[in-house]
Amino acid sequence: MEQRKIQVTLKDGSIKEIQRGTRVMALAESLSQGLAKAAVAAVVDGKQVDLSAQLEQDCSVQILTFDSEDGREIFRHTASHILAQAVKRLYPGAKLAIGPAIENGFYYDFDLDTAFSSDILGNIEAEMGRIVSEDLPVERFTMPREEAVRILMENEEPYKVELVRDLPEDAVISFYRQGEYMDMCTGPHLPSTGRVKAFKLLQVAGAYWRGSEKNKMLQRIYGTAFPKKAELEAHLEALEEAKKRDHIKLGRELELFMTSDVVGQGLPLLMPKGARVIQLLQRFVEDEEARRGYQLTKTPIMAKSDLYRLSGHWQHYKDKMFLVGAEPEDAETEDKGTQTANSAADPVMALRPMTCPFQFQIYNSRVHSYRDLPVRYSETSTLFRKEASGEMHGLIRVRQFTISEGHLIVTPEQLESEFKGVLDLIHYMMTSLGIQSDIWYRFSKWDPANKEKYIGTPETWEDVQGKMKDILDHLGIPYREADGEAAFYGPKLDIQFKNVHGKEDTIITVQIDFALAERLGMTYVDKDNEKKPPYVIHRTSIGCYERTLAMLIEKYAGAFPAWIAPVQVKILPISDRHLEYAKRVADSLSAEGFRTEMDDREEKIGRKIRDAQMEKVPYMLVTGDKEAGSGTVAVRSRKAGDMGVMNLEAFMQLLAGEVAQKSNSA
RNA sequence: GCCGCUGUGGCUCAGGGGUAGAGCGAUUCACUCGUAAUGAAUAGGUCGAGGGUCCGAUUCCCUCCAGCGGCUCCA
């Protein structure tokens, strides 16, 4: 006996009785017209479905709108289909690859000989506009895998065929059709193309098929889409605003760093103000690490290839190292074996890409008892890595950088507490920089399908990764897992941030390593008088200074907190006759260790203030007749403006307090 | 390394087959000034580098270098 009514549980927990076979859209309309209008798709019993789906049994239903992440994704996925449809109309020969929604937008990859220029992008956008105004219904249909392959072959879509062939034999393949356009897709999708009211194509980029550089490079078109024009405009405006925080732009304007064609790619030059910030950070880090039981080392920036053969860098990292003392062709033909360098007379040297093998030599300089452990080495360490030429980006991705390097050599029993100590240190650093809520953790694991990338056995990898996971879970660190992101010698806990363009980068990394320690013959003598291999924790505390500086510039839009501002106070004398008093004020401040500049130009005070504001100096001290007469200063904060007149002493206390707190009140 | 775009005075940018222009900045002079731009004058560019086409190239073509946005890779 067939029931004609079913019960649906709604998001708020209420239950509604409806006719069996009711479409989701009709349900939404029965709930509210507003909801129906905003609906993009639905989740039925945890599964995403189209609004046209029919409800056949008792179930839970949640209507998705653009306000949810899933809803936005579905909305923009339909936008990507509209893009592909437009491209197919204009370029029937274009082969379709994939076209997903991404954070803040979507893209679609095409294989086409014609390069998509910006003119062409405009034409495609116009065609998309037509597809939207045609308001084509988007319809789902399915077919068996076999038939899907046949149809896609007929349509000459080799990439789609490849995708289908990767699915199981018995898979039922779903397709979506809008007008003349058809695409293989799991969905769900918007009910019709007319819903995509506001969209924009943003850029063209190359992208390898299936993300592998061994494959053909396709053309990727990026775009974004919103239900309303105003939302699109707000988004585009936000992108423009973000560009103003770009550390490269601000770095130039604020004279923090520069690049020069004749120096080389990925080799930025830190100007006095930028170098000052880095110096402040370095002193801060070195002092804090000393307080936490680290011993500072200073090791060479290059070594014979022998050392790198021992460490495994020669076998796994050589193409990223700068070689010294070898002709390039020698380097090419150098065998990849583990034998040591053959000629002591003319050894091949390499600039170091990492510090570990150097500090390990120091550890190995004598026998260690378990009583010595943990040994904590730190170094402000300059490294060199020959990054691919297309990779360089300002201070974020460079070929020479200085890292707050450190290695902890520990017994197995000490591993967790030392790991925790490292995380404490990192947390302290992030909090001091004021970025603790801008970062997140990534647990970077190896890729078992790509064993030749790594040293050590699969068993060791699984073992170490298991230990690391236990520690992370035990310490309650919230992390996202990432396969294939490990270092060649061990898994990592990476601390990630996003730059102003939304691109994710690692700022700090903590690694547990068993393999490298063993390769380099590191041991300690345990209670039972047996030599045993220690664990090594590789870590940075504040990351690499260049990248950290880049992040800070973008975080604060160049207005550094007073404790790391290259100039903390700018003295602004009203006129020439106040120069002498201004100089005395400046000298007093400098004597107390404050970083001070004086604007002695023959300019009006308004101009001096404006320029100091543009330089983002935390405090300006206006000194004129009133102040010179009373031994005071008129304080202006870059943030709060005129703070009134106060004694120089009082101002120094204010600033000293702010520096000590590492706060950012100015 | 790969795809696309870009490279014009210190900076931001306009121009375009007949050897270059604006604003800001800089310099000099005048003004000696009270919380986000005083005025005037002056200087400053082998138009990223090399090659080619052309009577003639900064402009068109090629190669290289560098930058930007992606891909791949990564701190």
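Given the structure is predicted, the values throughout are model-derived calculations rather than measurements. Throughout, a chain's letter reflects where its sequence line sits, starting with A, and its residues are numbered from 1.
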Nearest-Å distance for atom pair [atom1]/[atom2], residues [X] and [N]:
X	N	atom1	atom2	answer
A/R601	B/rA26	CZ	C1'	11 Å
A/K244	B/rC68	NZ	P	20 Å
A/Y222	B/rC3	OH	C1'	11 Å
A/I609	B/rU35	CD1	C1'	3 Å
A/Q203	B/rC5	CD	P	13 Å

message: If the test is salt bridge (Lys or Arg N to Asp or Glu O under 4.0 Å), which one of A/K160, A/K216, A/K95 qualifies with A/D111?
response: A/K216
- prompt: Has A/H578 got a side-chain N or O lying under 4.0 Å from the OP1 or OP2 atom of B/rU32?
  reply: no
field: Side-chain N,O (A/R397) to OP1/OP2 (B/rC73) below 4.0 Å
entry: no
task: Assess A/R352 against A/F358: is NZ or CZ under 6.0 Å from the centre of the six-membered ring, and within 45 degrees of the ring's axis?
output: yes
- request: Using the ring of A/Y107 (Phe, Tyr or Trp, six-membered ring only), decide whether A/R220 places NZ or CZ under 6.0 Å from its centre and within 45 degrees of its axis.
  value: yes
- prompt: Given the C1' atoms of B/rU19 and B/rG45, what is the spacing between them in whole Å?
  reply: 12 Å
P gap between B/rU32 and B/rG39, integer Å: 16 Å
- prompt: If you take atom types as modelled and just measure distance, does the side chain of A/E391 reach the base of B/rC71 with a donor-acceptor pair under 3.5 Å?
  reply: yes
- prompt: Want to settle it: does A/R547 or A/S260 sit nearer the 5' end of RNA chain B, counting the closest nucleotide to each?
  reply: A/S260
- request: Map A/N499 and A/F401 onto RNA chain B by nearest heavy atom, then report which one ends up closer to the 5' terminus.
  value: A/N499
